[in-house]
Amino acid sequence: MLNDTIAAIATPAGTGGVAVIRLSGSQAIARAAEVFQPIRGASPVDMAGYTCSYGYFMDHDQILDDVILTIFRAPHSYTGEDVAEISCHGGRFLAQKILRSVLCEKIRPAEPGEFTRRAFLNGKLSLTQAEAVADLISASGENALKYARTLRDGATFRRISAFSQKLLEILSDLAVWADYPDEDLPAVESTVLSEKLHTLLKEMQSLLATYDYGRILREGLHTVIVGKPNVGKSTLFNALSGYERSIVTDIAGTTRDVIEEQIRLGDVMLRLSDTAGVHGTDDKIEQIGVERSIASLSQADLILAVFDLSAPFTEEDHTLLEKLPPEKTILVYNKSDQSQEVFRELPFQPVDMIEISAKHGKNLPALEKAVEAFAARHASPAEDGMIANERQRICLEQAVSGVAEAIQALDQGFAYDAVTVSLDAAADALLQLTGERVTDKVVDTVFSRFCVGK
Ligand code: GDP
């Protein structure tokens, strides 16, 4: 399958200044020579890598467009193969016409992600880097972009390779010692081994902890707005998301369910949920909403807890305060335009406290700043790599438990064989993570996320 030559439109659907049709494989340049007629200069077959030429795209005898042809020669291309890129005038119709005319019995349409898959199979990218390409394409903010860039640059791969390297060294010490018991080799000291494994375990765990950073950057901070009925949760939700979305009424308990919205505050993506108030109720429908909103507190990255300054602080407010985890709660005192309430001392130190008027848009920028500051602490791209998705997390968790088991086996005085088995499993999980030892099925899943042309 790697031998054939593929082609696809590499630019997004829609009208733009330029569209690019990309060909990759052994026939790419030969085919380019058949369809491209240079205005002056060499035929594509004689063009050096990293050069381009201006000319006509020919469909038999007919000129379809004037285009720029860029040639990349294997292995110095994105895929590692010969690549020809035809930049034509933008517009889906023209690009498709050119693509159709490029396709022939030796050139077939590329499948989603197939260019990047070839890059992976030709050793140009690790699997974690390939995944980062998909993330780059769908990056939704400056931070997410920075993060995908870090991964694309191979920081994660390097960090994981260092783990593999250390594991393999330990495994080879153990193997030598087990295989040549009669030789006068220095014994593998169990305390030294245990120390090495503990250090490795810590390093692996700290990489694992970056998973939340990646998730937040990719999906946004999971943010819930809580508070008793009528404090202005829906009004705040609408003010933040910029348009009427959840129902705002004067009757307590009208926000019955969790509504979700993805919004951007400054450079922070928020996945914002507007929940029913946290309070005791007999109403069945309302009850479901309340239960869900309490459940959503534990799953949230950030909680905006809303209190009403225009009315006295009640028992319900107090109950809510007690349920809030301070380290991820911003207290929002709403209706500052009708403020009467003097707040009593808080039982904890929240992330921040902001007085606003959601209805009049007062002090919302301060709230935005507080959210940004919170996000900066929880979702800053780690320059030395991070775990970007569920697949990577599962592999790394397997590796972590392999090392933890090995430590346990050592502590309990088991033979080194038992230690070796656990460490082997850990090493295998790491190789799967980087794609150095991986099944076709995993590769298929990774590349199924891609669009055609990438
Ligand atoms: P929820 O039940 O917590 O979602 O509360 P709503 O958003 O439905 O708001 C309840 C009532 O408070 C509505 O009449 C809003 O217009 C009003 N309200 C919301 N924010 C403010 C505010 O900042 N000042 C004043 N005066 N009223 C507000």
Colleague: Could you tell me if the side chain of L302 sits less than 4.5 Å from the side chain of H222, heavy atoms only?
Modeller: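 Result no, sub-4.5 Å side-chain heavy-atom pair not found.
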Colleague: Minimum heavy-atom separation for L69 to I71, with atom names?
Modeller: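 Shortest heavy-atom separation between L69 and I71 comes out as CD2-CD1, 4.0 Å.
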Colleague: If you define the side chain from C-beta out and look only at heavy atoms, does anything of L304 sit under 4.5 Å from T223?
Modeller: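 The answer is yes; the side chains approach within 4.5 Å.
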Colleague: Check for a donor-acceptor pair, side chain of E195 on one end and backbone N or O of V192 on the other, with a separation under 3.5 Å.
Modeller: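 No; zero donor-acceptor contacts below 3.5 Å.
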Colleague: Do T79 and S24 pair up side chain to side chain, a donor and an acceptor below 3.5 Å, judged on atom types alone?
Modeller: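 On atom types as modelled, these side chains qualify, holding a pair under 3.5 Å.
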Colleague: Any chance you could measure I170, atom CD1, to Y416, atom OH, to the nearest 0.5 Å?
Modeller: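 Answer rounded to 0.5 Å: 11.0 Å.
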Colleague: Does the side chain of I6 come within less than 4.5 Å of I107's, by heavy atoms?
Modeller: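 They are not in contact (no side-chain heavy atoms under 4.5 Å apart), so the answer is no.
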Colleague: When you compare the side chain of L125 with that of F157, does any pair of heavy atoms fall below 4.5 Å?
Modeller: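 Counting from C-beta outward, F157 and L125 never come under 4.5 Å.
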Colleague: Under 4.5 Å between any side-chain heavy atoms of R158 and S161, yes or no?
Modeller: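 No, side chains not in contact.
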Colleague: For A429 and Q398, work out which heavy atoms get closest and say how close.
Modeller: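 The answer is CB-CB, 3.8 Å.
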Colleague: Please confirm whether the backbone N or O of S126 pairs with a side-chain atom of Q129, one donor and one acceptor, at under 3.5 Å?
Modeller: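 It does hold such a pair.
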Colleague: Quick one: does L236's side chain get under 4.5 Å of L367's, heavy atoms only?
Modeller: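 L236 vs L367: side chains touch.
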Colleague: Tell me, yes or no, whether the heavy-atom count around Q205 atom CD, taken from other residues, nucleotides or ligands under 6.0 Å, exceeds 12.
Modeller: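 Correct, the count exceeds 12.
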Colleague: Return the orientation label for the Y333 and F307 ring planes: parallel under 30°, perpendicular over 60°, tilted otherwise.
Modeller: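 Rings of Y333 and F307: tilted, as their planes differ by 30° to 60°.
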Colleague: Hey, does L193 have a side-chain heavy atom less than 4.5 Å from the side chain of L410?
Modeller: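 A side-chain contact exists here, since the closest heavy-atom pair is under 4.5 Å.
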Colleague: Under a 4.0 Å threshold between the charged nitrogen and the carboxylate oxygen, would K359 count as salt-bridged to D337?
Modeller: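 K359 and D337: not salt-bridged.
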Colleague: If we ignore angles and hydrogens, is there a donor and acceptor under 3.5 Å between the side chains of E390 and Y211?
Modeller: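 Side-chain D/A pair, E390 to Y211: present.
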Colleague: Find the distance between NZ (K202) and CG (L207) and round it off to the nearest 0.5 Å.
Modeller: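 Nearest 0.5 Å value for the NZ-CG distance: 16.0 Å.
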Colleague: Starting at CG of L167, measure out to CG of D424 and round the result to the nearest 0.5 Å.
Modeller: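 If we round to the nearest 0.5 Å, L167:CG and D424:CG are 9.0 Å apart.
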Colleague: Would you check, one step at a time, whether the test salt bridge (Lys or Arg N to Asp or Glu O under 4.0 Å) holds for K228 with E315?
Modeller: CA-CA 10 Å; K228 67 181 182 192; E315 220 25 63; over 6 Å; no
Colleague: Quick check for you: to the nearest 0.5 Å, what is the distance between L433 atom CG and I160 atom CD1?
Modeller: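 Atom-to-atom, L433:CG and I160:CD1 are 3.5 Å apart.
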Colleague: Starting at CG of L201, measure out to OG of S401 and round the result to the nearest 0.5 Å.
Modeller: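 Reported value, rounded in 0.5 Å steps: 9.5 Å.
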Colleague: Can you tell if the side chain of R22 reaches within under 4.5 Å of the side chain of Y78, non-hydrogen atoms only?
Modeller: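 Yes. Closest side-chain heavy atoms under 4.5 Å.
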Colleague: Work out which heavy atom in A305 is nearest to a heavy atom in T329; give both atom names and the distance.
Modeller: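 Result for this residue pair: CB-CG2, 4.1 Å.
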Colleague: My understanding is that only one of I356, I354, V231 makes a side chain to side chain contact (heavy atoms under 4.5 Å, CB included) with N334; could you say which?
Modeller: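 It is I356, the one option of I356, I354, V231 that forms the side chain to side chain contact (heavy atoms under 4.5 Å, CB included) with N334.
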Colleague: Side chains of T210 and R159: any donor to acceptor distance under 3.5 Å?
Modeller: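 No, no side-chain donor-acceptor pair sits under 3.5 Å.
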Colleague: Start with the C-alpha gap between E203 and K166, add the side-chain angles, then the distance that decides, and say whether salt bridge (Lys or Arg N to Asp or Glu O under 4.0 Å) holds.
Modeller: CA-CA 11 Å; E203 288 167 2; K166 281 186 194 157; 2.9 Å; yes
Colleague: Verify whether one side chain among E85 and T70 offers a donor that lies under 3.5 Å from an acceptor in the other.
Modeller: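 E85 vs T70: no donor-acceptor pair found between side chains.
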Colleague: Going from CD1 on I330 to CG on L324, what distance comes out if it is rounded to the nearest 0.5 angstrom?
Modeller: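 That separation rounds to 12.0 Å.
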Colleague: Show your reasoning for whether salt bridge (Lys or Arg N to Asp or Glu O under 4.0 Å) applies to R391 and E131.
Modeller: CA-CA 10 Å; R391 184 194 74 81; E131 284 170 317; 2.8 Å; yes
